[in-house]
Student: 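A single structure is presented below for examination.
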Number of protein chains: 2
Amino acid sequence: MPDVHTLGGMMDRIRALLTVIEEGSVNRAAVRLRITQPALSRQMQALENELGGKLLERETSGVKPTGLGHALVKAMRPLVEGYDTALAELRRQARGERSELRVGYLLSAAQSMLTPALAKLRKSQPEVKLKLHDMSPREQIDGLRAGELDFALIGQEGVTAANEFHSARLCSLHVCVAVADSDSLAARKNITLKELKGRDFIGVDEDQVPGRNRWATALCKSAGFKPRFVVVVDGITNVFSQVVSESGVTLLPGYFEKLQHPGVTFVPVSDEKARWDFIVLWQKGRASASTRALVEALKQVAAEMNA
Amino acid sequence: MPDVHTLGGMMDRIRALLTVIEEGSVNRAAVRLRITQPALSRQMQALENELGGKLLERETSGVKPTGLGHALVKAMRPLVEGYDTALAELRRQARGERSELRVGYLLSAAQSMLTPALAKLRKSQPEVKLKLHDMSPREQIDGLRAGELDFALIGQEGVTAANEFHSARLCSLHVCVAVADSDSLAARKNITLKELKGRDFIGVDEDQVPGRNRWATALCKSAGFKPRFVVVVDGITNVFSQVVSESGVTLLPGYFEKLQHPGVTFVPVSDEKARWDFIVLWQKGRASASTRALVEALKQVAAEMNA
DNA sequence: TGCCGTTATGCCAGATGTGCATACCCTCGG
DNA sequence: CCGAGGGTATGCACATCTGGCATAACGGCA
């Protein structure tokens, strides 16, 4: 009698039992499983020992399942099948053949870049399925970390996590500053960073837009002063309220100029060094063809936009 | 590098990976799994080889899952958990602790016996769940064979399958004959089998009520003649139509006398030997406590009915 | 009774997995 | 700058498991 303690390989014995019951014969099942009949016979005995009950009614013309055997088939067949398909999918994924790309992006920032890139992707790889998730930079990074996203289209915030993932800089935008309409700067065509020295800065919550404040700080430092954040708010719209009510300023990526916000004026910053990088992050590990294709498409779109 | 060909034990390695990812450390996971860290480390390598991709990002402070690792967790955890609960349920079942009894019965025949028996069962084992299935004798037997039923409450038809399962005779009813109201026999208080000699018999489809015709034939033979089946119909109600329209007769278990059917009269058969056995079949193998309880309850009810 | 099918058992060789000891790598702190 | 202490990987020897081969045991059937 084979040993009972052997929990490993239980799954295989269950598969074997499924085959045996399908065939109604240990012999024929052994052929299908490419092992010998004695080996299979012992597997069945082992399985019965492990479960503590008979699974097969041995008869002179073959075997047929007992009630317990039937119960096992009903309970285990779907699991075994699910296991197999899951395994196959994982293998495909490991080989780099993803059937689905999950992309995180920030609508206001990335739409102009993402839409044409996806069009390109659909042309070169029409079969790949896309899941788009409009979420904040922080959520994107968390999503990447949790494996729920394959891509993050993200701004300057992404540099804080760039070493955890693959990354590519897509483009570099100029910077603008948001001031209240009533501000003396609001009438200017453009300004330099230096002129912001001594102003009250409005910060944004580190949790939602990580790295933004540090980026602003670094920019100011390059201009020779240290910004003073009088208040830190969460949510970009709250920043604008504060800009108006407190006559504060805040540094923003250039694409905000196209937006309208009552009471707020966006003035371009003329400093050469004041740039806002827009980057894409994606999971490390073997890159699938579709992954590479999406990165390429994004780079092309970015290049065309710069030109 | 460990061998790649080893498909057996894949499941265990997947479980191990789940633990490793939960713990974020091969070391701690090894403790939980009661194996050494090197063994577990090798399991992870083996798993990665089998899948063909990296699952863990090894860092100096432990490990964290790659995208593929995350995907594996998402796909496999529910399967592993389902597998475990299924296995536990099967073990319980093997030990004879069924949580549910699936009973097949024929409403018209068994109701008078089943209802009180279930009441008794509920008293002695209130926690056992019951699934009742009103189905034809043939369906009941098929259900038993397919493992979809634990019990079949069945008449004479059951004897054809009695050796495949455990069986017990519950009671033995007298027999009656169905004749048309216009028949000369319809006025009789009772008759003997012999008087049916030469009559046209209505048979019933072997598929739906297996053994019924054979039972009738055997009864007649014991009375010294061979019945002639002029027609075989499917469904018991069709039998009555034929009895009326063809002036045929048919032998039935005694409980039909309580039924009403327009144009049909049921006359008791007085022969001592003409009996209709009512039996219960149940799955072979270790009988659970609830199984034994139900059988006992049925026997008691039958005994009370006979008294 | 002998033949042919079935499943079960004894025995041996090869594959697999584990533990132990140790190597290796990185970070942190003196 | 180097050693301590945390992590994971590797070399090696040994126990365990599993499968194949040969053969037994058993039941039906001519």
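Protein chains get the first letters and strands the later ones, always in sequence-line order, with residue 1 at the start of each. Side chains are part of it too, since the values below use all heavy atoms of this structure and drop only hydrogens, waters and symmetry mates.
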Student: Within this structure, what is the CZ-to-P distance between Arg58(B) and dT10(D), rounded to whole angstrom?
Tutor: 9 Å
Student: Starting at atom CE of Met44(A), determine the distance to atom P of dT6(C), rounded to an integer number of angstrom.
Tutor: 17 Å
Student: Below 4.5 Å, heavy atoms only, C-beta onward: do Trp282(A) and Arg292(A) meet side chain to side chain?
Tutor: no
Student: What is the distance from CD of Glu23(A) to C1' of dT6(C), rounded to the nearest Å?
Tutor: 15 Å
Student: List the atom of Arg145(B), the atom of His70(A), and the distance in Å for their closest heavy-atom pair.
Tutor: O-CE1, 2.8 Å
Student: Between P on dT16(C) and CD on Glu50(B), what's the gap in Å once rounded to a whole number?
Tutor: 10 Å
Student: Does OP1 or OP2 of dG19(C) have a side-chain N or O of Thr36(B) closer than 4.0 Å?
Tutor: yes
Student: Side chain of Ala39(B): nearest nucleotide among dT18(C), dA8(C), dA21(C)?
Tutor: dT18(C)
Student: What about Gln45(B), does its side chain sit under 3.5 Å from the base of dA9(D) through a donor-acceptor pair?
Tutor: no
Student: Taking only N and O in the side chain of Gln43(B), is any of them less than 4.0 Å away from OP1 or OP2 of dT18(C)?
Tutor: yes
Student: Can you tell me the distance, in whole Å, between the CD atom of Glu48(A) and the P atom of dT7(C)?
Tutor: 13 Å
Student: To the nearest 0.5 Å, how far apart are CG in Asp142(B) and CE in Met135(B)?
Tutor: 8.0 Å
Student: Answer yes or no: is there a donor N or O on one side and an acceptor on the other, between the side chain of Thr66(A) and the main chain of Lys54(A), under 3.5 Å?
Tutor: yes
Student: What heavy-atom pair brings Cys220(B) and Pro227(B) nearest, and what distance separates the two atoms?
Tutor: CB-CD, 3.6 Å
Student: In whole angstrom, what separates Gln37(B)'s CD from dG11(D)'s P?
Tutor: 14 Å
Student: Examine the base of dG10(C) for any acceptor or donor lying under 3.5 Å from a partner atom in the side chain of Arg42(A), and report the outcome as yes or no.
Tutor: yes
Student: Nearest-Å distance, CG (Leu40(A)) to C1' (dT6(C))?
Tutor: 13 Å
Student: Does a nitrogen or oxygen in the side chain of Ser41(A) sit under 4.0 Å from OP1 or OP2 of dA8(C)?
Tutor: yes
Student: Among dG17(C), dT8(D), dT7(C), which nucleotide sits nearest the side chain of Arg13(B)?
Tutor: dG17(C)
Student: Atom CG of Asp12(B) and atom C1' of dT16(C): how far apart are they, to the nearest Å?
Tutor: 12 Å
Student: Please check the phosphate of dT7(C) (OP1 and OP2 only) for any side-chain N or O of Asn27(A) closer than 4.0 Å.
Tutor: yes
